[in-house]
Amino acid sequence: MKNLQDIAQQIYQKTGVVTSTKDVEKILSASAATSHFWEIITLSQRPFPVVAEVIELLRQEGLVEVDQNREIKFNSKGMEYLKSLNIAPKKVYTCPHCEGRGINLSQLEYLVRRFDEITVDRPKAISNYDQGFVTTQTVISRIALMAERGDLEGKKLFVLGDDDLVSIAAGLSGMPKEIVVLEIDDRLVNYINDTAKKYNLPIEAMKYDFRDKLPEKYLGYFDTFITDPPETVEALELSVGRGISTLRKEGCAGYFGVTLIEASLEKWNIFQQILTSKFKVAITDIIYDFNHYVNWDYLLKTVGKPYDFIQVEPKLNWYRSSMYRIETLKDSKGIENEYKPCELYVDEEAIIYKGEDK
Ligand SMILES: [Fe+2]
């Protein structure tokens with residue numbers, strides 16, 4: 001039987017994603033707790049291709065079996081293997097009320113209802129811009145979080161990319177003084193502007209590609225920014241760097257989600273160095289699994305068909321990201337210049353499967 005070190009090494013060779021024995025252990029523990037592929041990803045919080053390849057390897061080693069419903073199950077040999085490694089099924093003790101965010105929404109229930117009513121005709125998520133929007137609970141929790149940290153009430157808010165419609169939730173809360181959305185998708189720009197007009201919300205949305213320079217008037221203009229970037233290192237750096245350059249002075253805040261599903265800890269480390277050394281901001285919060293995404297229609301079309309157990313419809317909102325909050329210091333500096341052409345959506349950790357179809 002392979003030891004965890006050998007498995008980790010083999011997965012690294014296959015995927016190009018640096019994989020530790022701890023990563024493998026987490027995937028085994030998650031697989032022992034659920035038989036559904038997308039839930040194994042949620043529970044293990046490891047990059048998509050790594051999880052897929054570990055499960056396939058376990059199958060090849062005769063430790064797990066995939067039944068006709070594409071459920072992944074350890075057989076008796078697999079159970080013995082887990083026991084020999086002292087790996088137990090993953091435990092979950094997350095608070096069911098706030099889903100682990102630590103935000104009590106009972107005072108904002110009207111906002112949850114109002115947001116759902118108003119956005120019922122929102123544009124559908126499309127793959128062109130890597131869209132996938134968050135749940136209403138998540139959007140309103142973002143509003144509550146920003147308000148609680150003193151970053152929303154009476155402040156100027158910048159939303160960079162807004163398929164989540166954070167601008168509308170913020171407008172409905174009545175808290176920000178001004179909200180500006182820069183967004184690449186015309187459908188969303190029009191939808192947000194139409195909604196703002198209809199409900200008299202202080203929002204202005206404009207078309208913008210975050211590779212371009214920001215409009216001059218927005219540099220050093222806002223108190224707070226929020227964005228939900230694609231997860232190549234370049235995209236993380238660029239979107240957050242853009243956000244920081246729009247902030248007025250020290251003590252301003254930025255919010256953004258980063259997953260462990262499309263970003264390994266190696267990538268987190270590189271990005272955190274960019275935040276602290278290049279942009280010179282302080283990371284004040286990382287709230288695990290804060291952002292829950294509504295399942296998007298195009299998932300199974302874009303993941304490819306490398307293994308049968310991947311081609312199953314998700315049962316729960318499996319895709320999640322941690323919420324980062326950063327705060328600017330007196331020497332903080334973002335990105336103001338044009339950006340060189342770079343890959344923004346796909347790297348070896350992305351959900352879009354780059355291996356061969358079988
Ligand atoms: Fe809670």
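Order of appearance sets the numbers: ligands from 1, and atoms from 1 within every ligand.
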task: Give a yes or no answer on whether the side chain of Tyr208 reaches the backbone of Asp212 with a donor-acceptor pair at less than 3.5 Å.
output: yes

Show me the donor-acceptor pairs within less than 3.5 Å that the side chains of residues 41-52 make with the rest of the protein, sequence neighbours left out.
unit_1 : atom_1 : unit_2 : atom_2 : d
Thr42  : OG1    : Trp38  : O      : 3.0
Thr42  : OG1    : Trp318 : O      : 2.9
Ser44  : OG     : Ile40  : O      : 2.8
Gln45  : NE2    : Thr42  : O      : 3.0
Gln45  : NE2    : Asp289 : OD1    : 3.2
Arg46  : NE     : Asp23  : OD1    : 2.5

Criterion side-chain contact (heavy atoms from CB on, under 4.5 Å) on Ile55 and Tyr307, from CA distance to verdict: CA-CA 10 Å; Ile55 293 170; Tyr307 305 120; over 6 Å; no

message: Suppose we call two aromatic rings close when their centres sit under 6.0 Å apart. Are Phe222 and Phe158 close by that rule?
response: yes

message: Let's test this: below 2.8 Å, count the protein N/O/S atoms around the Fe ion (ligand 1).
response: 2

query: Less than 6.0 Å separating the ring centroids of Phe271 and Phe256?
result: yes

message: Using side-chain contact (heavy atoms from CB on, under 4.5 Å), reason through Leu152 and Thr224 one step at a time and then give a plain yes or no.
response: CA-CA 7 Å; Leu152 200 65; Thr224 306; 5.7 Å; no

